[in-house]
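Side chains included, hydrogens not; waters and symmetry mates left out as well; all remaining heavy atoms used.
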Protein chains: 2
Amino acid sequence: MKPSSPALKRPATLSDIARLAEVSTMTASRAINESGYVSDEVRRRVMKAANKLGYRPNMLARQLKGKKLNAIGILLPDIANPFASALVNGIKQVCDEQTFTTFIATSDRSVEEEQTSLQSFIDHRVDGLIVATHGTPRSDKVLQKIAQQKVPMVTIGHPVNSPGIDSVTANHYRGAFDAVQHLIKAGHRRIGFLGIAPGEGASLRRYQGYLAALEEAGIKPLEEYTAGPTESLAFSTQQDGYEALLQLAKLRRPPTAYFARNDYTALGAMHAARTLGLRIPDDIAIAGFDDIPLAAFAAPPLTTVSQPIDAQGQQAARFLLERIQNPALAPRSAMMECRLVVRKSSVAGR
Amino acid sequence: MKPSSPALKRPATLSDIARLAEVSTMTASRAINESGYVSDEVRRRVMKAANKLGYRPNMLARQLKGKKLNAIGILLPDIANPFASALVNGIKQVCDEQTFTTFIATSDRSVEEEQTSLQSFIDHRVDGLIVATHGTPRSDKVLQKIAQQKVPMVTIGHPVNSPGIDSVTANHYRGAFDAVQHLIKAGHRRIGFLGIAPGEGASLRRYQGYLAALEEAGIKPLEEYTAGPTESLAFSTQQDGYEALLQLAKLRRPPTAYFARNDYTALGAMHAARTLGLRIPDDIAIAGFDDIPLAAFAAPPLTTVSQPIDAQGQQAARFLLERIQNPALAPRSAMMECRLVVRKSSVAGR
DNA sequence: CACCTTTCAGTTAGCGTTACCACGCTATGG
DNA sequence: CCATAGCGTGGTAACGCTAACTGAAAGGTG
């Protein structure tokens with residue numbers, strides 16, 4: 001006979017514990033939850049029984065009784081996204097302290113997926129949602145619809161103007177502004193923007209920052225200096241950057257510097273430059289955005305803008321947990337500053 | 001007065017629907033679930049009511065009644081991991097067909113995190129688990145402990161020898177063998193291994209494949225040709241690759257070719273080579289493993305080994321869903337072949 | 001027309017948990 | 001000595017859902 005049969009095949013319940021500790025179910029519940037009055041002696045007995053049976057409270061039954069699930073959902077556009085990891089870290093740091101579990105789902109950058117994923121979270125009765133998808137008018141509508149179901153919600157990356165939704169965002173405008181200003185100070189006047197098709201940048205804050213920096217320097221922005229994928233407000237890839245730079249380099253008077261919408265695009269552009277035999281940073285300068293881990297290891301290392309991702313995650317989690325405590329809170333928003341990281345890809349000479 | 005008040009603050013329940021459709025709760029349940037006998041007329045009435053109230057079944061209450069939750073948990077080592085995305089895609093493809101929801105959690109490469117994340121999934125009563133963490137003896141113990149709780153489970157990436165656990169894995173051994181053989185065929189005899197400290201490769205199949213290829217060619221492996229982080233069976237980074245190559249290049253007779261344990265390590269090594277003024281592939285050849293998206297965009301493009309990640313995810317999901325249907329299944333395992341992708345980093349000349 | 005089968009709908013109970021109430025017990029104070 | 005208050009414990013009901021049963025009506029068969 002084994003010392004103690006490892007476990008029933010069915011997980012232990014409160015009544016199992018109660019039976020073993022020879023108390024009522026209710027007393028067992030109180031002992032486990034440290035609520036109400038329980039004598040030390042009984043509490044010890046219950047704890048011992050719970051331990052022996054490997055008791056784990058059934059969160060589902062708990063939630064059914066109107067308590068919190070102690071779980072939140074995080075919706076990410078894409079798991080390969082370099083932000084994802086840092087963001088989740090920041091969120092988890094805060095959630096762990098309050099013993100909230102975090103579940104992640106992805107939208108694969110499709111609005112349909114976004115909707116079903118969010119609905120799944122709600123169907124499983126998470127206590128709140130952190131949504132880090134990229135903002136498009138259609139996806140905003142989805143979010144507002146979801147928010148109507150009275151689920152506490154925080155967005156990261158783009159504000160949604162809706163009651164009951166908090167937002168956290170980085171100052172993309174300012175970050176782009178700083179990066180382009182840096183290129184201008186390095187002597188460049190012809191600066192291309194990689195990662196979006198001409199005429200589609202109206203809602204892209206990084207593009208607006210680019211324009212503002214040019215304007216401040218008295219440089220008239222040329223539409224032909226913008227290249228990138230159409231119908232992709234959401235993202236832009238290495239391939240896009242590669243093609244965009246090849247395209248702009250063909251101009252009669254091509255840019256001498258490029259600001260890429262994100263680091264992937266910038267890395268693709270660097271590859272294109274090499275293909276064309278252009279030296280970086282001697283022939284052309286390149287700057288990106290996001291400071292992904294590989295940026296520092298590119299050849300040459302990439303000048304870029306670093307977002308305080310971790311901090312955004314933390315702030316979002318704090319907002320959310322507060323809103324779960326008090327759902328009636330007025331919508332709040334926080335904006336965090338970015339930091340320009342100057343590396344070799346943008347400064348000629350040593 | 002509004003045309004129709006948007007929604008109660010409390011989500012609609014079956015009894016709400018039943019009341020509105022003037023039937024019993026049970027009949028509403030039958031109509032919604034299409035089980036048992038319900039007349040067409042009543043079914044229509046119920047559906048209409050459900051629609052009007054925006055009814056969504058409470059999965060938690062359902063599970064409590066002994067039904068499936070229709071949700072599985074995926075545990076990933078790290079979200080930034082380039083596999084993660086493809087893996088999740090493969091899993092979702094299969095799960096979507098059967099209307100299973102997928103939730104993701106990360107272990108941050110810590111065994112403690114791994115345990116708490118898995119336990120969280122179980123606490124929330126998911127129907128099954130797909131675990132894609134890297135195998136270490138300690139983590140295997142955790143998995144076995146979890147498996148005792150009778151949760152259907154499939155591992156990806158490393159087999160766990162335990163009843164009730166299926167595994168899916170790629171043939172890392174063979175993939176590494178092919179890559180190293182390729183380097184040998186290109187004329188190299190002094191081939192370094194980057195990504196693990198000397199003497200720690202016993203359980204690393206990629207290292208075993210490397211050794212086997214050398215042996216087959218009659219090359220005696222040198223321990224001093226191995227460099228990388230200690231106590232990191234789990235992973236190796238760009239930084240590790242960078243340092244490892246710098247270290248091996250200092251040898252009196254340094255390797256002329258390097259096989260890196262993964263592409264990140266390889267990219268770090270390429271950076272180190274550039275720092276040293278070594279040309280790739282003319283002075284040294286480099287090959288990696290994993291074929292991450294950036295590998296093709298490195299300078300020069302990186303020779304590497306491509307895993308059938310998507311297929312592994314699909315297979316794992318199929319295993320899991322079968323096991324959820326029939327938990328008594330004997331453990332199964334599947335191994336998928338890798339593919340060598342030859343690019344410029346390994347072949348001198350044009 | 002008696003009898004069985006199929007269809008349809010309602011009633012009851014229970015999943016695991018906790019809120020609420022009720023009951024005893026002990027200590028305190030008038 | 002009885003009222004009152006603070007402890008400690010048990011009983012009951014309910015959260016939203018569905019399995020199992022019960023009952024009734026409709027349809028078919030000989």
Side-chain angles (χ1 to χ4, degrees), chain A residues 7-47 49-50 53-71 122-127 149-150, chain B residues 7-47 49-50 53-71 122-127 149-150:
Chain A
L8 298 96
K9 66 170 145 199
R10 180 182 57 76
T13 71
L14 269 184
S15 352
D16 294 332
I17 294 176
R19 205 172 313 120
L20 187 61
E22 300 185 287
V23 293
S24 75
T25 317
M26 201 50 232
T27 304
S29 169
R30 274 190 289 254
I32 300 278
N33 296 300
E34 310 192 10
S35 68
Y37 298 112
V38 181
S39 68
D40 284 355
E41 201 267 325
V42 168
R43 168 168 288 122
R44 263 193 301 275
R45 239 165 54 216
V46 171
M47 286 311 190
L53 298 180
Y55 172 74
R56 300 243 96 209
N58 186 331
M59 306 304 274
L60 276 45
R62 232 182 224 179
Q63 203 282 344
L64 196 59
K65 269 300 283 184
K67 306 213 74 161
K68 282 179 311 178
L69 235 201
N70 264 277
I122 295 182
D123 287 351
H124 290 90
R125 298 296 195 271
V126 293
D127 300 314
Q149 301 183 39
K150 307 283 176 196
Chain B
L8 296 98
K9 65 170 144 199
R10 179 181 58 75
T13 72
L14 269 184
S15 356
D16 295 332
I17 293 177
R19 206 171 313 120
L20 187 62
E22 299 185 288
V23 294
S24 75
T25 318
M26 198 54 228
T27 303
S29 168
R30 275 191 287 253
I32 300 276
N33 294 300
E34 308 194 9
S35 69
Y37 296 111
V38 181
S39 68
D40 284 355
E41 200 268 324
V42 169
R43 169 167 288 123
R44 262 193 301 276
R45 241 165 52 216
V46 171
M47 287 309 190
L53 297 181
Y55 173 74
R56 298 244 96 207
N58 186 332
M59 307 302 275
L60 275 47
R62 237 183 221 176
Q63 203 280 347
L64 198 59
K65 262 304 276 188
K67 307 214 73 162
K68 284 179 311 183
L69 235 202
N70 265 280
I122 294 182
D123 287 351
H124 292 277
R125 298 296 195 272
V126 294
D127 300 314
Q149 302 183 39
K150 307 286 175 193

Length of the [atom1]-[atom2] vector between [X] and [N], whole Å:
X	N	atom1	atom2	value
E34(B)	dC8(C)	CD	P	14 Å
R56(A)	dT17(C)	CZ	P	12 Å
N58(B)	dC15(C)	CG	P	18 Å
R19(A)	dG16(C)	CZ	P	10 Å
L69(A)	dG16(C)	CG	P	17 Å
Q63(A)	dT18(C)	CD	P	12 Å
R125(B)	dG16(C)	CZ	P	9 Å

Query raised in the report: What are the residues of residues 35-45 of chain A, sorted by number, that bring a heavy atom to within less than 4.0 Å of DNA chain D?
Result: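 Of all residues in residues 35-45 of chain A, the ones placing a heavy atom under 4.0 Å from DNA chain D are Y37(A), V38(A), S39(A), V42(A).
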Report summary line: Students should find that the end-to-end axis angle of the helix from dC1(C)-dG30(D) to dG30(C)-dC1(D), with five pairs defining each axis and rounding to 10 degrees, is 50°
Where do [X] and [Y] come nearest, in terms of heavy atoms and distance?
X	Y	result
L60(B)	R125(A)	CD2-CB, 3.7 Å
T25(A)	S15(A)	CG2-N, 4.0 Å
Y55(B)	T13(B)	CE1-C, 3.8 Å

Query - side-chain hydrogen bond (donor to acceptor under 3.5 Å, both in side chains) partners of S39(B), counting only residues at least two apart - result: none
Report summary line: By side-chain hydrogen bond (donor to acceptor under 3.5 Å, both in side chains), R45(A) pairs with (sequence neighbours left out) E41(A)
Requested in this report: Report yes if at least one side-chain N or O of R62(A) is closer than 4.0 Å to OP1 or OP2 of dT18(C); otherwise report no.
Outcome: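 Checking R62(A) against dT18(C): at least one side-chain N or O falls below 4.0 Å of OP1 or OP2.
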Requested in this report: Indicate whether OP1 or OP2 belonging to dT18(C) is found under 4.0 Å from a side-chain N or O atom of N33(A).
Outcome: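 The answer is yes; a side-chain N or O of N33(A) sits under 4.0 Å from OP1 or OP2.
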Requested in this report: Applying side chain to side chain contact (heavy atoms under 4.5 Å, CB included), name anything that partners L20(A), two or more places apart in sequence or on another chain.
Outcome: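 So L20(A) forms a side chain to side chain contact (heavy atoms under 4.5 Å, CB included) with A49(A), K52(A), L53(A).
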Query - Contacts of V46(B) that satisfy side chain to side chain contact (heavy atoms under 4.5 Å, CB included) - sequence neighbours left out - result: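 Checked V46(B) against side chain to side chain contact (heavy atoms under 4.5 Å, CB included); matches are I17(B), A21(B), V23(B), A28(B), A31(B), I32(B), V42(B).
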**Report entry** Pairs involving residues 17-35 of chain A, ordered by first then second residue, that meet salt bridge (charged side-chain N to carboxylate O under 4.0 Å, His left out) (sequence neighbours left out)
**Finding:** D16(A)-R19(A)
Query raised in the report: If you walk 5' to 3' along DNA chain D, what is the first nucleotide with an atom under 4.0 Å of a heavy atom in chain A, and what is the last?
Result: dC7(D) to dG16(D)
Query - Minimum side-chain heavy-atom gap P11(A)-K150(B) below 4.5 Å - result: no
Which pairs, protein N/O on one side and nucleotides 10-14 of chain C N/O on the other, fall under 3.5 Å?
{"from": "dG10(C)", "atom 1": "OP2", "to": "S24(B)", "atom 2": "N", "distance (Å)": "2.8"}
{"from": "dG10(C)", "atom 1": "OP2", "to": "S24(B)", "atom 2": "OG", "distance (Å)": "3.0"}
{"from": "dG10(C)", "atom 1": "OP2", "to": "T27(B)", "atom 2": "OG1", "distance (Å)": "2.8"}
{"from": "dG10(C)", "atom 1": "N7", "to": "R30(B)", "atom 2": "NH2", "distance (Å)": "2.8"}
{"from": "dG10(C)", "atom 1": "O6", "to": "R30(B)", "atom 2": "NH1", "distance (Å)": "3.2"}
{"from": "dG14(C)", "atom 1": "N2", "to": "K65(B)", "atom 2": "NZ", "distance (Å)": "3.1"}

Query raised in the report: Of all residues at least two apart in sequence or in a different chain, which pass the salt bridge (charged side-chain N to carboxylate O under 4.0 Å, His left out) check with D123(B)?
Result: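 Salt bridge (charged side-chain N to carboxylate O under 4.0 Å, His left out) list for D123(B), sorted by chain: R56(A).
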Query raised in the report: Tell me, which pairs form a side-chain hydrogen bond (donor to acceptor under 3.5 Å, both in side chains) where one or both residues lie in residues 57-71 of chain A, sequence neighbours left out?
Result: N33(A)-R62(A)
